[in-house]
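In the text below, chain A, chain B and the rest are named by the order of the sequence lines, each starting its count at 1. In this text the structure is predicted, and so the values were computed from the model without any measurement.
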Protein chains: 2
Amino acid sequence: MTTPNPSQGTLADSIPRTFEALRNHVIERHGMLPKRLAQVAKFALDHPDEMALNTVAELSAAAGVQPSALVRFAQSLGYSGFSELQGVFRSRLRDRWPDYQERLTKIQNETGGDADSSSVLGRFVETSMRSLARLPESISGEAFDAAVSLLARARTIYILGQRRVFPVAAYLSYMFGKLEMQHVLLDNFGSMIDIQAGSMRANDVLLVITFTPYTPVTVEIANQAAARGVPLVAITDSVFSPIASLTGARLEVVESDLGSFRCLTATLTLAMGLAVVSAERRRTVGESPSNS
Amino acid sequence: MTTPNPSQGTLADSIPRTFEALRNHVIERHGMLPKRLAQVAKFALDHPDEMALNTVAELSAAAGVQPSALVRFAQSLGYSGFSELQGVFRSRLRDRWPDYQERLTKIQNETGGDADSSSVLGRFVETSMRSLARLPESISGEAFDAAVSLLARARTIYILGQRRVFPVAAYLSYMFGKLEMQHVLLDNFGSMIDIQAGSMRANDVLLVITFTPYTPVTVEIANQAAARGVPLVAITDSVFSPIASLTGARLEVVESDLGSFRCLTATLTLAMGLAVVSAERRRTVGESPSNS
DNA sequence: AAAATTATGAAACAACAATTCCATTTAAAT
DNA sequence: ATTTAAATGGAATTGTTGTTTCATAATTTT
């Protein structure tokens, strides 16, 4: 791609920007460091979490070193000071996620120069991956299970997602169709969403997706459904969503955003998972939709 | 001012020391908080990572609030100040690791087991990430650039994506709207796509998204457009796509699929990048849409 | 072994962060 | 409508942090 062979060279060593790079760098020259600096180096690699969160004073005390030794250590690596070094440890704390870490740093390296537009694509990919990595954390097994069993039991699934999240709703409609699960996409054509939603019954389920800023019509329909005893499965981005109080099962997705645009990747992936697992559950468990 | 010593509490409510406790505490009384404090509360729970690592100044800027509001928020919860509150967020960051690792290894081991449904979600996440990781490799900088400059120059962008990829088309429509770029979503309502596409001219661009199995109507419209001299930007999944021969700029996305379902995450991310970069280019370079 | 160089410890310093204070606005109660 | 209380924004303040300095100690070089 863009960068043919960026690092490896012994010349012009750039200062390490990722924890992995820093680690290798330090290990490599650990032997030829002065005593106190070597001590700092060892401490830093042994206690990366502390390095990220504590102050110079605390760290120096913990490492049995003078504060200045920490600053010197950072500067000897090429950083302007300790704070810059700490930044590396902090980003590690933010981004650490299994296995994919190396992949991410690879992406970061490959898109090092912000000059050309393809690197922007790299940033988008990075953001999307970060969203995805957080998804399993933010969705508890119980919540997911609850949602799945509601969907598996439903006679008809009504899908409600307007504006920004409409693509997710559309995709769900496509999948449920392929999975041969009866569903209705509340797309509000001709502003007739109330008519479309009019046939919801208590043995159906309303699958509602809503993010800030919450589309009024979505909130309204969800409220009506709840009032009529229709179980709700909600995919939302905050515990403060206006439909939080009335949901049967609530799944919270934290999407990172790039610029002013929130990406939908995690939400889409969650939707996919929900649809597939619900369909599986309906078949294997033989939970046929309840008929009243 | 609220309370220097926390005697206002209903009963022996101690100050939350864990993130979970804090979270519940805040959720509970979110409704009865003053506006600005509620804003802070929402921001804090929506961006816990930032809360752990950034300074009051940075956070207040990000939340659109005065620094003092953050301090007040902390104090209203009973903490001595912001720093003490931040401690809770920091410990969350430290402790997040263990159960996360456990969960992931579980995911990796149970590659085939349908036992726990949340692990299925993990597999979906993994699949999506795989798609994303491949994206920067498969999109060459030149192709991306070509696509961007076509889109930036276009008077009106016609978006064409049917069936499986319709969500991507819908999302593009949303984004172009937000970016204030003139566009038309060819959604084929009432089977009137030929009418919708009828107004395309040579200074427009047709942005077409199509994957196997190629929807006939998509191919047809793309061919008509090409015949009339409308430049094409194509997002497709193969060099053998039936529209490969007639595209101005072609972007190939390789999406991995899970089960029989191809995920759309990489495509969606690419679409996002295309839209944002095109809009940027149009503004910065001043490439005003060409008028005939 | 003496000189020069480098590393180290401790304290002084400058920068910055969190906090407090107060004037002003907004909401509630009379 | 008037008064009272609460909430808010913005600047001043205080405390802490990271950094620099410099004298001393330890190495290395001649």
Side-chain angles (χ1 to χ4, degrees), chain A residues 15 22 26 29-44 47-91 93 240, chain B residues 1-9 15 22 26 29-44 47-91 93:
Chain A
I15 43 192
L22 173 66
V26 169
R29 61 192 60 187
H30 184 260
M32 47 208 59
L33 279 176
K35 194 168 54 177
R36 208 43 43 105
L37 253 44
Q39 190 178 341
V40 172
K42 178 170 161 49
F43 178 86
H47 307 277
D49 283 12
E50 325 289 319
M51 288 292 288
L53 296 173
N54 295 335
T55 70
V56 167
E58 291 165 332
L59 290 168
S60 63
V65 182
Q66 287 293 323
S68 45
L70 281 174
V71 177
R72 279 194 207 104
F73 173 68
Q75 289 171 339
S76 80
L77 288 167
Y79 300 100
S80 71
F82 173 77
S83 305
E84 208 178 84
L85 171 71
Q86 193 176 43
V88 176
F89 284 89
R90 292 192 161 183
S91 58
L93 210 57
F240 300 124
Chain B
M1 86 158 297
T2 28
T3 57
N5 49 0
S7 51
Q8 145 227 46
I15 308 157
L22 173 65
V26 170
R29 62 189 59 186
H30 181 257
M32 48 209 56
L33 279 176
K35 191 169 55 176
R36 209 41 45 104
L37 253 46
Q39 191 178 340
V40 171
K42 178 167 160 50
F43 178 86
H47 306 273
D49 284 11
E50 324 290 318
M51 287 293 288
L53 295 174
N54 294 335
T55 71
V56 167
E58 291 164 332
L59 291 169
S60 63
V65 183
Q66 288 292 322
S68 43
L70 281 174
V71 177
R72 279 194 208 103
F73 174 68
Q75 289 171 338
S76 80
L77 289 167
Y79 300 99
S80 70
F82 171 77
S83 305
E84 206 177 86
L85 171 70
Q86 192 177 45
V88 175
F89 284 89
R90 291 192 162 184
S91 57
L93 212 57

> In a check of side chain to side chain contact (heavy atoms under 4.5 Å, CB included) between A:F43 and each of A:L70, A:L59, A:V65, which one passes?
Replying inline: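 In the set A:L70, A:L59, A:V65, the residue that makes a side chain to side chain contact (heavy atoms under 4.5 Å, CB included) with A:F43 is A:L59.
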> Out of C:dT20, C:dC21, C:dA17, which nucleotide sits closest to the side chain of B:R72?
Replying inline: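 Of the options given, the side chain of B:R72 lies nearest C:dC21.
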> The side chain of B:S68 lies closest to which of these nucleotides: C:dT20, C:dA10, D:dT19?
Replying inline: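 When the side chain of B:S68 is considered, C:dT20 is the closest of C:dT20, C:dA10, D:dT19.
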>> I need the B:L22 CG to B:L85 CG distance, nearest 0.5 Å.
In response: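 Between atom CG of B:L22 and atom CG of B:L85 there are 6.0 Å.
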>> As an exercise, state the distance from NE2 of A:H47 to CZ of A:F89, rounded to the nearest 0.5 Å.
In response: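 Nearest 0.5 Å value for the NE2-CZ distance: 11.0 Å.
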>> Can a side-chain donor-acceptor contact be found between A:R72 and A:Q75 if the only test is distance below 3.5 angstrom?
In response: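 No, no side-chain donor-acceptor pair sits under 3.5 Å.
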Do any side-chain nitrogens or oxygens of [X] fall under 4.0 Å of OP1 or OP2 in [N]?
X     : N      : answer
A:S83 : D:dT17 : no
B:Q66 : D:dT8  : no
A:Q75 : D:dT20 : yes

In whole angstroms, how far is the [atom2] atom of [N] from the [atom1] atom of [X]?
X     : N      : atom1 : atom2 : answer
A:E58 : D:dT16 : CD    : C1'   : 11 Å
B:Q86 : D:dT17 : CD    : P     : 12 Å
B:M32 : D:dA7  : CE    : P     : 13 Å
A:L33 : C:dA7  : CG    : P     : 10 Å
B:L70 : C:dT20 : CG    : P     : 14 Å
A:F89 : D:dG18 : CZ    : P     : 14 Å
B:L59 : C:dC16 : CG    : C1'   : 15 Å
A:F73 : D:dG18 : CZ    : C1'   : 16 Å

Name the pairs: protein N/O against N/O of nucleotides 28-30 of chain D, kept only if under 3.5 Å.
none

Would the distance check show the side chain of [X] and the main-chain N or O of [Y] forming a donor-acceptor pair, the cut-off being under 3.5 Å?
X     : Y     : value
B:Q39 : B:P34 : no
A:E58 : A:T55 : yes
A:Q66 : A:A61 : no
B:R36 : B:A69 : no

>> Just to be sure I understand the geometry, which residues of residues 34-43 of chain A put a non-hydrogen atom under 4.0 Å away from DNA chain D?
In response: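 The stretch gives none, as no residue of it lies under 4.0 Å from the strand.
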> At their closest point, which heavy atom of B:A57 faces which heavy atom of B:S60, and how far apart are they?
Replying inline: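 For B:A57 and B:S60, the tightest heavy-atom pair comes out as O-OG, 2.8 Å.
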